[in-house]
Amino acid sequence: MSDITIHSSVTYLKGVGEKKSEILREELNIATIEDLLNYFPYRYIDKSKYYKIKDLPYNINTYVQVKGRISEKSILGENRGKRLVAKFYDETGSIMLVWFNNIKYFSDMLKTNETYIIFGKPTQFNQTINITHPEISTEEKNTFNNVPFLPMYNSTDKCKKYGLDSRGIYKLCHTAIETYYKQIEETIPQYIREKLHLIDKQSAMRKIHLPQTASDIEQSIRRLKYEEVFLMQLLLLQSHQSVKVSHHGHILPKVGTLFNTFYKQYLPFPLTNAQKRVIKEIRADFLSGKQMNRLLQGDVGSGKTITALLLMLLVIDNGYQCCLMAPTEILAQQHYQNICKLLKNMPIEIGLLTGSTKQKERTALLKKAEEGSIKIFIGTHALYEDQVLFKNLAFVVIDEQHRFGVEQRAKLWRKNLTPPHVLVMTATPIPRTLAMTVYGDLDISVIDELPVGRKPIKTLHFYKQDSEKINHFLKQEIQQGRQVYVVFPLIQESETLTLSNLMDGYEMFKKYYPEPTYKVGCVHGKMSGEEKEAEMNKFKQGETHILLATTVIEVGIDVPNATVMVIENAERFGLSQLHQLRGRVGRGSDQSYCVLISDFSLSKEARIRIQAMLNTNDGFELANVDLKLRGPGDITGTRQSGMLNFKLLNIAEDELLISSARNMAQCIINDDPELQKEQNKELQTAIEKIKLTNKYYQIG
Ligand code: ADP
Ligand code: MG
C-alpha cells in the first residue's frame, strides 16, 4: 500500500478493478490516479438551492434544480417527432419535461405522485417552459444531499455500462482526493501565486472536485486555468528564446541604393502608417543580430506584399538573397509577375520556381540561386526541396502561412549555417489571444490599416429565389465594363457533386449571359495547372466577363477590374473563407460588391455568419465571431496537434487571463531563461513534464 503514489495505475484505487481500469483508459484516457484527478468536472449542480417553478429563469442557458411531482405523462408525435411529455408541478406552477430518447424507459419509470428532483436547462416554447432530457432522481436516492455542489463529469455510453457515469466518476475522484491529495505537486511557485492571488495546487484540486461553496469553484478554476495557459506560454517563450539564442541572425545594417531608389522613384503610392511601422519593426530585427521569426497579420488588401518587397530590397542592399514562398502555383506566378513589373527598372534578378518549371530551366535557376545571382527567388513548396541551395539567403517570406506547418518553418532554419530571418504573412487574421497561444513562438506585427481611397465593399444577401434581381444587377455592372467572380462551394462529401454543381451553374450562366455579348469562363480543381492558368489569364486580360470557380481563387488573386464577388450557397462557407473571397474584389477605385446567395432556410450558425459578413468588413472582428462559433482548433488547423487541448481555458473568452499569463511568463523568461533559479524550480519541473508528454514541443 505504502508505495502506491498518484502515478500508480487507477487499478489501485478502491472501487476500481481491472475492467473499470481498462474502460477508464480506453474511454477517457485515464490511466493513473493523477490522470483521474486531472479529469475535471464540466459543471456543478447547485445542491444548495431548489428553484420554485414560478421563479425559473429560462432562455438564459442556465441549469436549475427543481423539486416537484408529475401529474400526467403522454407520448406524442411520430417518427422523429415522437416524444414523451410529462407535466411537472410544485405549489407555484407547472412546466413540461420532454424526452426524445429512451421514451419507453422513462415512460415506465416515472410515477405520478412521487416526488422527484429534476435538473436541467429550462427553455420557453409555445408559451410553456420546458426542460428537455432533465436529469432526474428521487429524494431518497439522492445520496448527494450532503454535497452543496455536485460536480458533473463527462462520461461515455460504455463507461456508464460499467458504473462509470458522472456519479461513479465523482465517487472515484472523491476517494482519490481523500487518499492522495498530499502527493499533488505544486507547479506555480509561491511568489507568483501571491502576486496573482492564486490558490495553491492542492487546494485547487480539492476544491474543483469537492467544492463547498461557489467561491471554491471560482477560485479553483481560475487557478487551474492560469496554470494551463501560463505553463504553455513559458514553454513557447522558452523555445522561442532558445531559437534566438542558438541562432544568430544575419545583421543587415545598410539602407542602400536599391531601397532608396525604389522608395523614391518607383513606389506607386505612399505607404500607410501601418506599413511604415511594420517596416520599422522588422528593421529593428534585422539589426538585432538574432534570427527573426515574425508573423505579419494584415487583412486582405492591406498591402503586405509591397511591405515585404521593400524589406527584401533592404536585404539585397546588404548583399544577401531572399525568397518568397506562396501556397499555390497561381499565386507564385502572380507574385512573380507583380514583382517583375514593380522592379522592371531595377537591376535585380528574380527567379520563379514551381512544380511545373521545366527541367532545363530548373537546372539553370538552381545554379543561379547557388551562385547568388538570383536575388529574389519566388516559388511554391518546390523551394523547400533539398536541391535548392542559396549562396547567402538571409530573408524568407512565406505568404499565407496557414498552409505551411511549423515543421516546415523549422526546416528552413536548417537550410543555412546562419538561418534566414523568417516573415510569415497571413491574411487570415486570428484574434490576439489565439495568436499569442498558437504562435507564442513568433513575434507578431499587424497591418491594421487599409490604403486610403479604398471604397468599403458593399455586401448584399439574396436568397436563391431572387435570381432575376441578381442577374439584373450583374448585367448592369458588366455593362459598365466590370467583371464578376462567381464562386461555388466545395461539397465536402463529394468531388463529383462539387463539379456537377459548378457545371450546372456554368450552363445556367451561359444561358442567361449569351455570347457574344457576354463571355463566361470557368476554373476548377480538376483542370490541369496550364488550363487553369489560361482561364485565369483570360479573366485577368478582361476577355471573360464572368469567371465561375470553386474555391481555387480563394487566396490572393488580384484582378482590380473585378468588382463583384458572387458567392453561391454562401451558407456552406466558413466565415474566414467568405471574408477571403470578398477580399478578391475592392482592389481598384470602383465601388465593389459581395453578393451572398443562400438557401431560404438557414441554420442558426449560417445565419450568424451571413449576418456578420453584412455587419462588418473587418477581418479581425470576423475572426472573433468565428472563434466563438468554431473553437480555436478549427481556425488554426491545429486541432490535431494537441496544443490547443485545454481542459479549462476558453481561448475566446479568457483573453485577460491569457495576456496576464503571457506577460508574467515573459518576465520570468527574461529574468531566468533556463528556469535555473531556486525560486523557479517548480516551474522547471512542471515544464519538463509537459515536454515529455507533449509531442508538439519537440519540434524545432
Ligand atoms: P495583401 O495584404 O492582401 O497581400 P496586397 O499586397 O496584394 O495585399 O495589396 C493589395 C493591393 O493594394 C495591391 O494592388 C497593392 O499594390 C495595393 N497597395 C498596397 N499598399 C498600398 C498603399 N499604401 N496605397 C495604395 N495601394 C496599396
Ligand atoms: Mg497577398
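In what follows, residues are counted from 1 in the order of the sequence shown.
- In this structure, Lys73 contributes its side chain and Ser107 its backbone to a donor-acceptor pair below 3.5 Å.
- No side-chain N or O of Glu678 forms a donor-acceptor pair with one of Asn680 less than 3.5 Å apart.
- Within a 6.0 Å sphere centred on CZ of Phe100, other residues, nucleotides and ligands contribute more than 12 heavy atoms.
- With salt bridges taken as basic N to acidic carboxylate O contacts below 4.0 Å, one links Arg223 and Glu227.
- Between the side chain of Asp165 and the backbone N or O of Lys160, no donor-acceptor pair lies under 3.5 Å.
- When all heavy atoms of Ser71 and Tyr89 are compared, the pair lying nearest together is CB-CE2, 3.5 Å.
- Under the 6.0 Å distance and 45° angle rule, Lys67 counts as a cation-pi partner of Tyr50.
- The main-chain N or O of Gln124 is never found under 3.5 Å from a side-chain atom of Thr128 such that the two would form a donor-acceptor pair.
- A salt bridge links Asp671 with Lys677: the distance from a Lys NZ or Arg NE/NH1/NH2 to an Asp or Glu carboxylate oxygen falls below 4.0 Å.
- Residue Ser94 holds its OG atom at 6.5 Å from CD1 of Ile53, rounded to the nearest 0.5 Å.
- Across all non-hydrogen atoms, the minimal contact from Ser21 to Thr11 is OG-OG1, 3.2 Å.
- Not one N or O on the side chain of Tyr39 forms a donor-acceptor pair closer than 3.5 Å with the backbone of Asn29.
- A salt bridge is absent between Lys225 and Glu228; no separation between the charged side-chain nitrogens and carboxylate oxygens falls under 4.0 Å.
- Salt-bridge formation is not detected for the pair Arg25/Glu22: no Lys NZ or Arg NE/NH1/NH2 atom is positioned less than 4.0 Å from an Asp or Glu carboxylate oxygen.
- The distance from atom CZ of Arg167 to atom OG of Ser137, rounded to the nearest 0.5 Å, is 5.5 Å.
- Panel note: side chain Arg69, backbone Asn113; a donor-acceptor pair is recorded below 3.5 Å.
- A salt bridge links Glu135 to Arg43: at least one charged side-chain nitrogen sits closer than 4.0 Å to a carboxylate oxygen.
- Remark: Asp108 CG is packed, more than 12 non-hydrogen atoms of other residues, nucleotides or ligands lying under 6.0 Å away.
- Side-chain atoms of Ser203 never come within 3.5 Å of backbone atoms of Ile199 as a donor-acceptor pair (strictly under, hydrogens ignored).
- When all heavy atoms of Phe119 and Tyr44 are compared, the pair lying nearest together is CZ-O, 4.4 Å.
- Atom CG of Asp157 has 12 or fewer neighbouring heavy atoms from other residues, nucleotides or ligands inside a 6.0 Å radius.
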Can you list the steps and then say if Asn670 with Gln666 is a side-chain hydrogen bond (donor to acceptor under 3.5 Å, both in side chains)? CA-CA 6 Å; Asn670 288 346; Gln666 186 71 64; 3.1 Å; yes
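- The residues Arg193 and Glu186 are annotated as salt-bridged, a charged nitrogen and a carboxylate oxygen being separated by less than 4.0 angstrom.
- Counting only distance, with no hydrogens or angles, the side chain of His209 and the backbone of Tyr170 share no donor-acceptor pair below 3.5 Å.
- Of all the heavy atoms in Ser166 and Pro151, the pair that sits closest is OG-O, 3.8 Å.
- Under a cut-off of 6.0 angstrom, the local environment of CD in Gln190 is sparse, with at most 12 non-hydrogen atoms contributed by other residues, nucleotides or ligands.
- Nearest approach of Lys111 to Tyr116, heavy atoms of both residues: N-OH, 2.8 Å.
- With hydrogens and angles disregarded, a donor-acceptor distance shorter than 3.5 Å links the side chain of Gln202 to the backbone of Lys182.
- At least one donor-acceptor pair under 3.5 Å links the side chain of Thr179 to the backbone N or O of Thr175.
- No donor-acceptor pair closer than 3.5 Å links the side chain of Asp626 to the backbone N or O of Leu622.
- Residues Tyr153 and Tyr42 approach most closely at C-CE2, 3.4 Å, considering heavy atoms.
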